[in-house]
**Q** 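Take a look at this one; I'll ask things after.
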Amino acid sequence: MTATVMPAEPAEPAASQPDLQRRRLCGSLLGVGALAGTGLAAAGEAAPEPSSEIRLALLMGNRAYPQPFDLPPIPKNLRDLETALERRGFKVTSALDLDLPSARRALDAFIAEAAASPPDATIFFYFSGHGVQVDAANLLLPAGLNPSAKGELLQTASVQLLGDVVRRLPPRRDGMVIAVVDACRTGLRAGEVSGLNQVEAPPGCLISFSTGAGKPAIAPAVETQNTFYTGSLVRLMGSVSDETTFPELMQLVRSDVRETMLNHPVAAIRQLAQDPFIADHTRVRLTVEPRRAGPPAPVVKDIDEEAELRKLEQLAWPAEVVQVAEAFLDARPQSRFAPGVQVARDGARSAVKALKRNDVRLYRAAFALSDDMPTEQRQDLLRCGRGDKDAAARMAGRFRGFGASSAAQSRYEGWLQFAVALGNGIASYELALHFRSTGQPLLASQFESRARDLGYTPPPDLDNVRK
């Protein structure tokens, strides 16, 4: 249940005791200066113009758990991420080592502030500490709670990610809700797949976990290092192009974490390499760099580049996305749009691979765009062409409920199969229930097993209905 402890690397100078105690208070925890290699401003550099956007962030982190569950990197995670977010225009509140009543008060205050913000505000929630799954619910453990306690206690003494945080944050019509969980992810029940459960993001929301379903997240044994995920998030938030969107940033972080750990000199870390989980249901294009109050930065126009970007943005068929994206990156590898194009290319490659599977019956006609297509459906179809497992599941939902012999029924199954091939365990379980209801028990059993392999545990009531 504890995060795996990796060997220590050369230590940085330790913070003073008064400074450490100050950071344990709920409130704004100031950063400790520039971060080497992150792209953030160095000491003495002029601060950027104030942002004309409203961006709010709550960072919650818990180091103080009963031994041997203490997590030394958490204070550094909060300090460094606060600095990175402030450079991107966020008003940040950091909360370190809060017990459950204090954590609920901090959440209530943040949710109230978010509710009073305009519809185009960006709301960012971050948690770093221990996380467990009990009866399919993802729990964030407050400071002082023993992660090895019984499930009944953990359920009543923890914060529920969806029920207490994500679903309480007001939807953003023109903005975005971002929830990031960098936690040790473990299951409790014997025989249960370990790892926080897969989730679906509500409309307007982006959710990212530091590791995939069924896998632990690694934590260093010293205070002077970040966890792998937060270290990558901080570094890339400071160094990516200003035109990179938040979903693109999370995909870049995912790739960076995997590559860093798979190429680590310590064999144990390579074996436990994390593959972060992302659930994306955002509706607007929101870049990491906010609008600033001062005059806009000069833009060097490049007609060919802009034309290629417009072309790419209108493509849904994955093979075409790969082709145009690769041509763009070959011609403009240093473009400020290159990170987003790279994400589109990599996602489309995953989609191409999924469509080649024998158990995915979905063809090019399913990716056809039309002028009269509703905006949200069009957005989801474009995302499907870039390998978005959640958009594929939402596409399937548009064909749910038709007769077994209809073309729509085949399209429903095809989109779910595509979502499963991209890693959506929830879609796999839905497909299992569908095949069970249509008298195909062998297929039902296969997709139920696949759902659990992908890290999805159905809620007990749903599981009982199935049985």
Side-chain angles (χ1 to χ4, degrees), residues 2-6 8-9 11-15 19-40 57-65 69-88 90 92-98 103 106 110 124-131 140-143 147 159 161 165 178-185 196 207-211 216-239 249-250 253-254 256-257 260-261 269 274 276-277:
T2 58
T4 305
V5 177
M6 68 182 188
E9 297 176 358
E12 300 171 3
D19 192 42
L20 288 176
Q21 289 185 349
R22 174 177 60 81
R23 294 179 192 129
R24 290 179 181 269
L25 300 176
C26 177
S28 179
L29 307 183
L30 300 178
V32 293
L35 304 175
T38 65
L40 299 178
L58 173 62
L59 313 184
M60 302 185 75
N62 298 319
R63 168 184 178 163
Y65 294 100
F69 301 108
D70 182 60
L71 297 174
I74 305 304
K76 180 172 173 59
N77 276 1
L78 263 62
R79 292 195 306 270
D80 292 353
L81 184 55
E82 178 173 357
T83 302
L85 287 169
E86 286 180 340
R87 296 296 305 172
R88 293 298 188 178
F90 281 86
V92 183
T93 299
S94 290
L96 179 63
D97 284 338
L98 300 186
F110 181 67
F124 189 103
F125 171 81
Y126 167 89
F127 174 84
S128 189
H130 282 291
L140 311 179
L141 274 58
V159 172
L161 174 63
V165 183
I178 303 168
V180 177
V181 178
D182 185 359
C184 173
R185 305 176 62 197
L196 291 184
I207 299 174
S208 182
F209 295 153
S210 61
T211 189
I218 296 177
V222 295
E223 298 176 348
T224 53
Q225 297 175 35
N226 293 118
T227 55
F228 277 102
Y229 183 86
T230 297
S232 177
L233 176 60
V234 168
R235 182 171 61 257
L236 288 174
M237 185 171 288
S239 62
L249 171 66
M250 295 307 175
V253 170
R254 180 187 179 195
D256 187 66
V257 170
T260 299
M261 298 184 75
I269 293 175
Q274 296 165 207
F277 168 87

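As a basis for the values below, the full set of heavy atoms in this structure was taken, side chains included, without hydrogen atoms, waters or symmetry mates.
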**Q** Please find the pair of heavy atoms, one from Tyr229 and one from Val257, that lie closest to each other, and give the distance.
**A** CA-CG2, 3.9 Å
**Q** Side chain to side chain contact (heavy atoms under 4.5 Å, CB included), that's the test. Do Tyr126 and Leu78 meet it? Break it down for me.
**A** CA-CA 9 Å; Tyr126 167 89; Leu78 263 62; 3.8 Å; yes
**Q** Has the side chain of Tyr65 got a donor or acceptor atom that lies under 3.5 Å from a matching backbone atom of His130?
**A** yes
**Q** With a 3.5 Å cut-off and no angle check, do the side chains of Thr227 and Asn77 form a donor-acceptor pair?
**A** yes
**Q** Roughly how far apart are Ile269 CD1 and Ile218 CD1, rounded to 0.5 Å?
**A** 5.5 Å
**Q** Using the side chain to side chain contact (heavy atoms under 4.5 Å, CB included) rule, take Phe124 and Val92 through it: C-alpha gap first, then chi angles, then the decisive distance, then the call.
**A** CA-CA 9 Å; Phe124 189 103; Val92 183; over 6 Å; no
**Q** Measure the spacing between CG of Asn62 and CG of Leu71 and express it to the nearest 0.5 Å.
**A** 8.5 Å
**Q** Which atoms form the tightest heavy-atom contact between Arg63 and Pro75, and what is the distance?
**A**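 Looks like CB-CD, 4.1 Å.
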**Q** As an exercise, state the distance from CD of Glu223 to CG of Asp70, rounded to the nearest 0.5 Å.
**A** 8.0 Å
**Q** So, does Ser208 use its side chain to make a donor-acceptor pair with the main chain of Val180 at under 3.5 Å?
**A** no
**Q** Over all heavy atoms of both residues, which pair between Leu140 and Val181 is shortest? Give the atoms and the distance, please.
**A**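 Minimum heavy-atom separation between Leu140 and Val181: CD2-CG1, 4.0 Å.
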**Q** With heavy-atom distances below 4.5 Å as the criterion, would you say the side chains of Phe228 and Thr260 are in contact?
**A** yes
**Q** If you round to the nearest 0.5 Å, how far is CZ of Arg88 from CG of Leu249?
**A**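 Those atoms lie 8.5 Å apart.
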**Q** Measuring from atom CG of Leu96 to atom CE of Met60, what distance do you get when rounded to the nearest 0.5 angstrom?
**A**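 It is 10.5 Å, given to the nearest 0.5 Å.
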**Q** Heavy atoms only: give me the nearest Gln274-Met261 pair and the separation to one decimal.
**A** N-SD, 3.4 Å
**Q** Just verifying a value: how many Å separate Arg79 CZ and Thr230 OG1, rounded to the nearest 0.5 Å?
**A**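 Taking CZ in Arg79 and OG1 in Thr230, the distance rounds to 12.5 Å.
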**Q** Can you name the closest pair of heavy atoms from Leu58 and Ala106 and give their distance?
**A**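 Heavy-atom minimum between the residues: CD2-O, 4.1 Å.
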**Q** Which atoms form the tightest heavy-atom contact between Ser232 and Asp256, and what is the distance?
**A**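 Answer, listing the atom of Ser232 first, then Asp256: OG-OD2, 2.7 Å.
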**Q** Could you walk me through whether Phe209 and Leu161 pass the side chain to side chain contact (heavy atoms under 4.5 Å, CB included) check?
**A** CA-CA 11 Å; Phe209 295 153; Leu161 174 63; 3.4 Å; yes
**Q** Hey, does Ile178 have a side-chain heavy atom less than 4.5 Å from the side chain of Met250?
**A**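 Yes - at least one pair of side-chain heavy atoms lies under 4.5 Å apart.
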